[in-house]
*Asks:* 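Starting off with a structure, shown below.
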Amino acid sequence: MSFTWGTMLFQVVAILILMFLLKRYALGPVMKVMNERSEHIEQQITTAEQNRAEAEKLVAEQKEALSQARQEAKDLLERARAQKEREAEEIIRDARERAERLISEAKSEIISEKEQAIQELRDEVGTLSVMLASKMIEKEIKAKDQSALVKKYLNQVGELQ
């Protein structure tokens, strides 16, 4: 095997040209695609991490909002319960006051009617007494004497009751 410097130089030049062509037309675009793909993957990883962080933040916010909503619902129920109790107490108090007022009015009316009945009874007893006395005596009595007799008799009837 004899080497000639010419063949060897030709092979070295051919390899260098081949490497240059491969680098320029094959390795360059492949490396460019690989770099772009790598950047794209890194960008997706970064975006995914940001999305995860945002999702965790939203979950925390939702938990806080849910907690606040539960607390507000609890507060609302407590206020409603307290108002219900106040209204019930007010209704009971109003009913008692009304019952006491009705009882008082009924007592006053009973007393008034009793006094009126006693007065009517006295008037009628007085009238009957006068009629009875005038029939028994069968004499004419003066109006002044008749009035004194009625008052005396009414006083006696009032004392008996």
Side-chain angles (χ1 to χ4, degrees), residues 22-161:
L22 281 174
K23 183 177 180 191
R24 179 161 180 110
Y25 295 108
L27 289 178
V30 169
M31 291 303 287
K32 183 179 175 187
V33 169
M34 294 288 279
N35 287 337
E36 287 175 359
R37 182 69 179 151
S38 175
E39 289 174 6
H40 179 69
I41 290 171
E42 287 179 19
Q43 190 177 35
Q44 284 182 340
I45 290 172
T46 305
T47 303
E49 287 176 355
Q50 288 174 348
N51 289 341
R52 184 182 54 82
E54 288 177 17
E56 288 175 355
K57 181 181 175 185
L58 288 175
V59 166
E61 289 174 1
Q62 291 299 322
K63 284 182 181 178
E64 180 66 26
L66 182 60
S67 175
Q68 287 177 350
R70 285 181 179 160
Q71 186 62 39
E72 288 174 7
K74 184 179 177 183
D75 292 344
L76 184 63
L77 286 174
E78 287 297 321
R79 284 191 303 248
R81 188 174 297 123
Q83 183 167 351
K84 176 192 73 160
E85 290 174 3
R86 282 193 307 268
E87 288 176 359
E89 289 173 4
E90 185 176 330
I91 289 170
I92 290 170
R93 187 181 66 244
D94 289 346
R96 284 184 181 151
E97 289 174 359
R98 185 173 180 208
E100 289 174 5
R101 189 175 59 246
L102 289 174
I103 290 170
S104 175
E105 289 174 1
K107 285 181 181 178
S108 297
E109 189 175 330
I110 289 171
I111 290 171
S112 173
E113 287 180 10
K114 179 181 172 185
E115 289 175 359
Q116 184 180 359
I118 289 173
Q119 186 62 38
E120 287 176 4
L121 184 61
R122 282 183 182 171
D123 290 345
E124 194 164 328
V125 167
T127 305
L128 290 175
S129 298
V130 169
M131 286 173 54
L132 182 63
S134 59
K135 283 186 181 182
M136 288 175 66
I137 298 177
E138 293 186 13
K139 72 178 190 176
E140 201 174 299
I141 301 176
K142 294 180 189 175
K144 188 177 184 182
D145 292 337
Q146 182 180 5
S147 162
L149 275 174
V150 168
K151 285 182 182 178
K152 181 179 176 184
Y153 186 69
L154 284 176
N155 286 337
Q156 287 175 352
V157 169
E159 290 175 6
L160 291 176
Q161 290 181 0

*Asks:* Please report the interatomic distance NZ(K84) to CD(E89), rounded to the nearest 0.5 Å.
*Replies:*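 Answer for the NZ-CD pair, K84 versus E89, is 11.0 Å.
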*Asks:* Report the distance from atom NZ of K107 to atom CD1 of I110, rounding to the nearest 0.5 Å.
*Replies:*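 Interatomic distance, K107 NZ to I110 CD1, rounded to 0.5 Å: 9.0 Å.
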*Asks:* Any chance you could measure I41, atom CD1, to T46, atom OG1, to the nearest 0.5 Å?
*Replies:* 11.5 Å
*Asks:* Going by heavy atoms in the side chains, are E105 and E109 under 4.5 Å from each other?
*Replies:*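 They are not in side-chain contact.
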*Asks:* Ignoring hydrogens and angles, state whether a donor on the side chain of N35 or E39 is under 3.5 Å from an acceptor on the partner side chain.
*Replies:* no
*Asks:* Between Q83 and E87, does any side-chain donor sit less than 3.5 Å from a side-chain acceptor?
*Replies:*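 Yes.
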*Asks:* Using a strict cut-off of less than 4.0 Å between a Lys/Arg side-chain nitrogen and an Asp/Glu carboxylate oxygen, indicate whether E54 and K57 qualify as a salt bridge.
*Replies:*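 Salt bridge absent between E54 and K57.
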*Asks:* Could you tell me whether E56 and R52 have a side-chain N and a carboxylate O separated by less than 4.0 Å?
*Replies:* yes
*Asks:* Please check if the side chain of S104 supplies one atom and the backbone of E100 the other of a donor-acceptor pair under 3.5 Å.
*Replies:*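 It does not hold such a pair.
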*Asks:* Say you draw a straight line from CD of E72 to OG of S67; how long is it, rounded to the nearest 0.5 Å?
*Replies:* 10.0 Å
*Asks:* Mind checking the CZ-CD1 spacing from R98 to I91? Nearest 0.5 Å is all I need.
*Replies:*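 It is 13.0 Å, given to the nearest 0.5 Å.
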*Asks:* Should Q62 and L66 count as side-chain neighbours, where that means a heavy-atom distance under 4.5 Å?
*Replies:*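 Heavy-atom side-chain distance check fails, nothing below 4.5 Å.
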*Asks:* Measuring only between side-chain heavy atoms, which start at C-beta, is E97 closer than 4.5 Å to D94?
*Replies:* yes
*Asks:* So E115 and Q119, do their side chains get closer than 4.5 Å, heavy atoms only?
*Replies:* no
*Asks:* Mind running side chain to side chain contact (heavy atoms under 4.5 Å, CB included) on L58 and E61 for me, showing each step along the way?
*Replies:* CA-CA 5 Å; L58 288 175; E61 289 174 1; 3.6 Å; yes
*Asks:* Could you go step by step and tell me if R81 and E78 meet the salt bridge (charged side-chain N to carboxylate O under 4.0 Å, His left out) rule?
*Replies:* CA-CA 5 Å; R81 188 174 297 123; E78 287 297 321; 2.8 Å; yes
*Asks:* Is the number of heavy atoms from other residues, nucleotides or ligands within 6.0 Å of CD (E36) greater than 12?
*Replies:* yes
*Asks:* With rounding to the nearest 0.5 Å, note down the distance linking CD in E113 to CD1 in I111.
*Replies:*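 The CD1 atom of I111 is 11.0 Å from CD of E113, to the nearest 0.5 Å.
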*Asks:* Should we count CZ of R96 as having more than 12 external heavy atoms under 6.0 Å?
*Replies:*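 Open: at most 12 neighbouring heavy atoms sit under 6.0 Å from CZ of R96.
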*Asks:* Say whether, by atom type as modelled, one donor and one acceptor occur between the side chain of T47 and the main chain of Q43 under 3.5 angstrom.
*Replies:* yes
